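Report on one structure; see the data block that follows.
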Amino acid sequence: MSVLDQKLNDAQHVAIIGHIRPDGDCTGACLGLLNYLEKVYPQIEAEVFLEEPSVKFAYLKGFDQIRTVFAQECSYDLCICLDSSNEERLGEGRRIFELAKDTLCVDHHITNENYAKTNVVEPDASSTSEVLYDLLEEDKVTKEVAECLYTGIIHDTGVFKYPCTSPKTMAIAGKLMGTGIDFSSIIDGSFYQKTYLQNQILGRALFESVAFLEGKCIFSVVRLKDMKFYSVTSQDLDGIVEQLRLTKGVECAIFLYEIESQVFKVSLRSKYDLDVSKIAAYFGGGGHVRAAGCTMSGTIYDVVNNLSEHIERQLKELETKAAEE
């Protein structure tokens with residue numbers, strides 16, 4: 001019996017919450033668990049609370065059940081936090097977490113603070129969806145559950161190309177495919193497909209990008225006025241930082257978008273040895289070795305300059321280490 005089953009045996013009313021600005025892994029894991037509970041634990045009343053996720057995930061069963069208005073004063077028997085490394089990342093869901101009689105965190109971030117009463121954190125896993133799969137009874141993973149977990153895995157692995165992808169990841173993906181999911185449509189529809197406006201803002205971000213540190217780093221920024229001009233939201237900016245990372249010769253990519261005047265959401269990506277999770281953690285964020293993020297205040301120059309100091313320091317340390325070897 002997994003720790004999840006142990007927790008669920010004593011629960012009647014369960015809240016499932018993820019992190020602010022939910023991505024594919026967060027949304028997929030939350031809905032995957034909801035569908036699993038409806039199938040295996042029909043006696044449990046489960047609710048998913050998320051900031052409004054992207055409509056590109058609307059094909060997932062249970063998407064229309066997501067509650068975006070949070071039940072601030074309701075005490076649940078169990079609050080399950082998925083894909084969130086600390087309480088602050090829960091946003092409005094933090095109050096639900098604090099009032100719950102019991103709490104469980106399932107995550108894969110190396111920066112996880114083990115903030116719940118019980119924590120299942122696997123930093124070597126590709127995604128929270130992969131960690132969650134191990135907690136479920138394999139023969140009870142339905143096609144609907146599989147669609148959700150497969151979505152989560154492909155988004156956090158970049159369709160199996162990021163270094164976090166392991167043989168175990170591929171084996172789990174294969175089992176999920178075995179349930180009959182339309183994996184090609186999931187990949188095209190939720191990962192690659194873009195609207196005309198999304199392509200427009202991507203093109204502008206790439207056109208205005210700036211390389212520095214002898215071409216080893218690159219950054220781009222989208223301001224609030226740009227988002228208003230193109231009629232896009234933060235959800236339309238997915239994929240920009242990854243495209244920047246793919247620039248030849250670049251070791252680290254930085255993408256900023258303004259969430260309020262001189263306050264920026266920062267996404268960091270690296271190709272090889274640079275640990276961007278350390279940089280993000282220094283500025284109050286977190287993530288993984290090659291994919292991390294944080295929120296920073298100041299002018300664009302201030303933000304990029306502060307980040308570049310840490311990036312340059314790591315690059316020099318790596319060069320010294322390579323020379324010694």
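Because the structure is predicted, anything quoted here is derived from the model rather than measured.
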Do [X] and [Y] pair up side chain to side chain, a donor and an acceptor below 3.5 Å, judged on atom types alone?
X: E130; Y: S126; answer: yes
X: S2; Y: D5; answer: yes
X: Q65; Y: E38; answer: yes
X: T128; Y: D83; answer: yes
X: E47; Y: H13; answer: yes
X: K7; Y: T118; answer: yes
X: T151; Y: Y59; answer: yes

Step by step, work out the side chain to side chain contact (heavy atoms under 4.5 Å, CB included) result for L31 and I66.
CA-CA 8 Å; L31 291 180; I66 294 173; 3.8 Å; yes
Side-chain donor or acceptor of [X] paired with backbone N/O of [Y] under 3.5 Å:
X: T247; Y: L244; answer: yes
X: S277; Y: A292; answer: no
X: S220; Y: A205; answer: yes
X: D156; Y: I153; answer: no
X: K271; Y: A253; answer: no
X: T27; Y: G24; answer: no
X: Q198; Y: T195; answer: yes
X: N199; Y: Y196; answer: no

Spatial distance of atom [atom1] ([X]) from atom [atom2] ([Y]) [nearest 0.5 Å]:
X: N114; Y: N86; atom1: CG; atom2: CG; result: 11.5 Å
X: C105; Y: L82; atom1: SG; atom2: CG; result: 8.0 Å
X: S84; Y: E113; atom1: OG; atom2: CD; result: 9.0 Å
X: L60; Y: C148; atom1: CG; atom2: SG; result: 4.5 Å
X: E251; Y: D273; atom1: CD; atom2: CG; result: 6.5 Å
X: R95; Y: C79; atom1: CZ; atom2: SG; result: 12.5 Å

Tell me, yes or no, whether the heavy-atom count around [X] atom [atom1], taken from other residues, nucleotides or ligands under 6.0 Å, exceeds 12.
X: Q43; atom1: CD; result: yes
X: K161; atom1: NZ; result: yes
X: E242; atom1: CD; result: yes
X: I110; atom1: CD1; result: no
X: Q12; atom1: CD; result: no
X: E52; atom1: CD; result: no

Is there side-chain contact between [X] and [Y], with at least one heavy-atom pair below 4.5 Å?
X: T103; Y: E98; value: no
X: M296; Y: K265; value: no
X: N35; Y: E147; value: no
X: N9; Y: Y41; value: yes
X: V14; Y: I80; value: yes
X: V276; Y: C252; value: yes
X: R204; Y: V222; value: no

For a side chain to side chain contact (heavy atoms under 4.5 Å, CB included) check, start with the C-alpha distance between I187 and Y150, then their side-chain angles and the critical distance, and finish with the verdict.
CA-CA 9 Å; I187 292 171; Y150 190 85; 3.7 Å; yes
Go through the structure and list residues passing side-chain contact (heavy atoms from CB on, under 4.5 Å) with K56, not counting sequence neighbours.
S54, H155, D238
Partners of L136 by side-chain contact (heavy atoms from CB on, under 4.5 Å), sequence neighbours excluded?
L4, Y36, L132, V141, V145, L149
Give a yes or no on whether a salt bridge exists between [X] and [Y], defined as a side-chain N under 4.0 angstrom from a carboxylate O.
X: E317; Y: R313; result: no
X: E138; Y: K175; result: yes
X: K168; Y: E122; result: no
X: K321; Y: E324; result: no
X: E258; Y: R223; result: no

Kindly determine whether V304 and V221 satisfy side chain to side chain contact (heavy atoms under 4.5 Å, CB included), including the steps that lead there.
CA-CA 10 Å; V304 175; V221 58; over 6 Å; no
For T299 and D302: C-alpha separation, side-chain torsions, deciding distance, then whether side chain to side chain donor-acceptor pair (under 3.5 Å) applies.
CA-CA 5 Å; T299 66; D302 291 334; 3.0 Å; yes
Any pair with a residue in residues 258-313 that passes ring-ring contact (aromatic ring centres under 6.0 Å, His included), sequence neighbours left out, goes on the list, sorted by first then second residue, please.
H108-H288, H109-H288, Y282-H310, F283-H310
Would you sort out whether F255 and F219 count as a side chain to side chain contact (heavy atoms under 4.5 Å, CB included), showing the intermediate values?
CA-CA 6 Å; F255 175 62; F219 87 89; over 6 Å; no
Return the minimal non-hydrogen interatomic distance between A15 and I96, and the atom names on each side.
CB-CG2, 3.7 Å
